[in-house]
Amino acid sequence: MLQQTQAARAAVYFQRFVARFPDFSSLADADPDQVLKLWEGLGYYSRARNLQAAAKIIAGRGVFPDTLEGIAALPGVGPYTAGAVAALALGLDHAAVDANVERVLSRSHDIDAPIKERQGRERVRELAAALLPPGRAGDFFQALMELGEVVCRPKNPACGLCPVADLCQARHLGIVAERPVRAKGKSIELITVATAVFRCQGLIFIQRRRPGGAWGNLWEFPGGRVEAGEAPEDAAVRELSEETGFSARVEAPLGVIRHGYTTYRVTLHCYLLAPADPTLPGLPFPVLTAAVESRWASLADLDGLAFPAGHRKLIDSLRADLRFF
DNA sequence: AAAGCGTGGCC
DNA sequence: TGGCCAAGCTT
């Protein structure tokens, strides 16, 4: 949970998660959809799948690995997580280098190579190994992470409060703000998306995304990009048709939701759609092109399923304003 | 090697 | 507001 996620935010999810899955076997035997639901809103959903896969491996063996290599071989466990578990949990002499440690060391030792690229990484790795105090690696790296989060912050570092300010090279050089060296940033793309809440016989059509890629295995409303010059309501009808084969018309606008991503900033234009031909009996049957599974759900049903955060915001707005439901 | 993968907080 | 960032991993 802590991978690319601020600790305070992960903590809330962690408490709920371990209350529901207190050991490896309970997680190994869990319904994957329940695991995903407990991960809803946290992002990077492959972590949830990897964690359950790791739990199955550990539960199957009956023992937790006791070496760095054994830990690192588990799915979803990379260099940082393996080092952190080895050092903090098992007391082994291994480095745990996260973004905090990278930032602290890049300042204390004035690393002038981009910190996210190979050369900068290698410098940090060497430094971390050289500084590692045998027998106390866990305390040491946890302290470095804490120092980075509380004092040696990305912006407005509290150098006046820093216990190691005297040995900080960047501070002596007056270039703390220039460390770590960042790779050149990519601009955020603004995209407009139409989202279709297709209602038929009082039920809402939802579909499950493919396992790979973004939001793998999560449920969603059909939708997609609004083309240049296209009206959002037309895009909602078109996307629904392309993804399901349904013929629909716009019944009402449901509002606009803005949602941020790392590389995109999305504006969701949401519409309530109804069958184009209201005289057709029963629920229409979809021909799925963008999803692997679908279902007709009540508003209450949606609460038990995992949706991307933007779509969850839409569901919340539907429940808050029951004009149409 | 570099891009894909989420989300919300912060300034 | 918009860009940056977080207890990174996988392909």
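None of these values were measured; they are calculated from a predicted model. Below, chain A is the first sequence line, B the second, and so on; all start at residue 1.
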Give a yes or no on whether a donor-acceptor pair under 3.5 Å exists between the nucleobase atoms of C:dG8, that is its base, and the side chain of A:T5. no

Per the atom types in the model, does the base of C:dG3 pair as donor or acceptor with the side chain of A:R182 at under 3.5 Å? no

Reckon [X] has a side-chain N or O less than 4.0 Å from the OP1 or OP2 of [N]?
X	N	result
A:R118	B:dA1	yes
A:W215	B:dT7	yes
A:R103	C:dA6	yes
A:Y13	B:dT7	no
A:H259	B:dT7	yes

With the side chain of A:R9 defined as its heavy atoms from C-beta on, choose the nearest nucleotide among C:dC9, B:dC11, B:dG8.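 Per side-chain heavy atoms of A:R9, the pick is B:dG8.
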
When you get a sec, tell me which of B:dC5, C:dG8, B:dT7 is the closest nucleotide to the side chain of A:D98?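 Taking heavy atoms from C-beta onward, the closest nucleotide is C:dG8.
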
Rounding to a whole Å, what distance do you find between [X]:[atom1] and [N]:[atom2]?
X	N	atom1	atom2	answer
A:Y80	C:dC9	OH	C1'	13 Å
A:R153	C:dC5	CZ	C1'	14 Å
A:E117	C:dG8	CD	C1'	16 Å
A:Y44	B:dC5	OH	P	10 Å
A:K116	B:dG4	NZ	P	17 Å
A:I191	C:dG2	CD1	P	15 Å
A:M1	C:dG8	CE	C1'	15 Å
A:Q6	B:dC11	CD	P	11 Å

Between A:K155 and A:G43, which residue's closest nucleotide on DNA chain B lies nearer the 5′ terminus? A:G43

Which sits closer to the 5' end of DNA chain B, A:Q4 or A:R265, going by the nucleotide each is nearest to? A:Q4

Between A:E230 and A:R225, is there a side-chain N and carboxylate O pair less than 4.0 Å apart? no

Identify whether the distance between the nearest side-chain nitrogen and carboxylate oxygen of A:R319 and A:D316 falls below 4.0 Å.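 Yes, charged N to carboxylate O under 4.0 Å.
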
Considering only atom P, compute the distance from C:dT11 to B:dG6 and round it to an integer number of Å. 14 Å

Using the P atom on both, measure B:dA3 against C:dA7 and round to a whole Å.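 Approximately 24 Å lies between the P atom of B:dA3 and that of C:dA7.
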
Close side-chain approach of A:L74 to A:I58, heavy-atom, < 4.5 Å: yes

Identify, between A:N50 and A:E146, the residue whose nearest nucleotide on DNA chain C lies closer to the 5' end.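 Taking each residue's closest nucleotide, the earlier one in sequence belongs to A:E146.
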
Looking across every strand, which nucleic acid part, if any, lies under 4.0 Å from [X] by heavy atom: base, sugar-phosphate, or nothing?
X	result
A:A7	base
A:V101	nothing
A:F141	nothing

Regarding A:Q34 and A:R20, is there a side-chain donor-to-acceptor distance under 3.5 Å anywhere?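 There is such a pair (donor and acceptor under 3.5 Å, judged by atom type) between the side chains of A:Q34 and A:R20.
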
Determine, stepwise, if the pair A:N100 / A:R103 fulfils side-chain hydrogen bond (donor to acceptor under 3.5 Å, both in side chains). CA-CA 5 Å; A:N100 290 301; A:R103 185 171 58 253; 2.7 Å; yes

Any chance you could measure A:I111, atom CD1, to A:R179, atom CZ, to the nearest 0.5 Å?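 Between atom CD1 of A:I111 and atom CZ of A:R179 there are 9.0 Å.
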
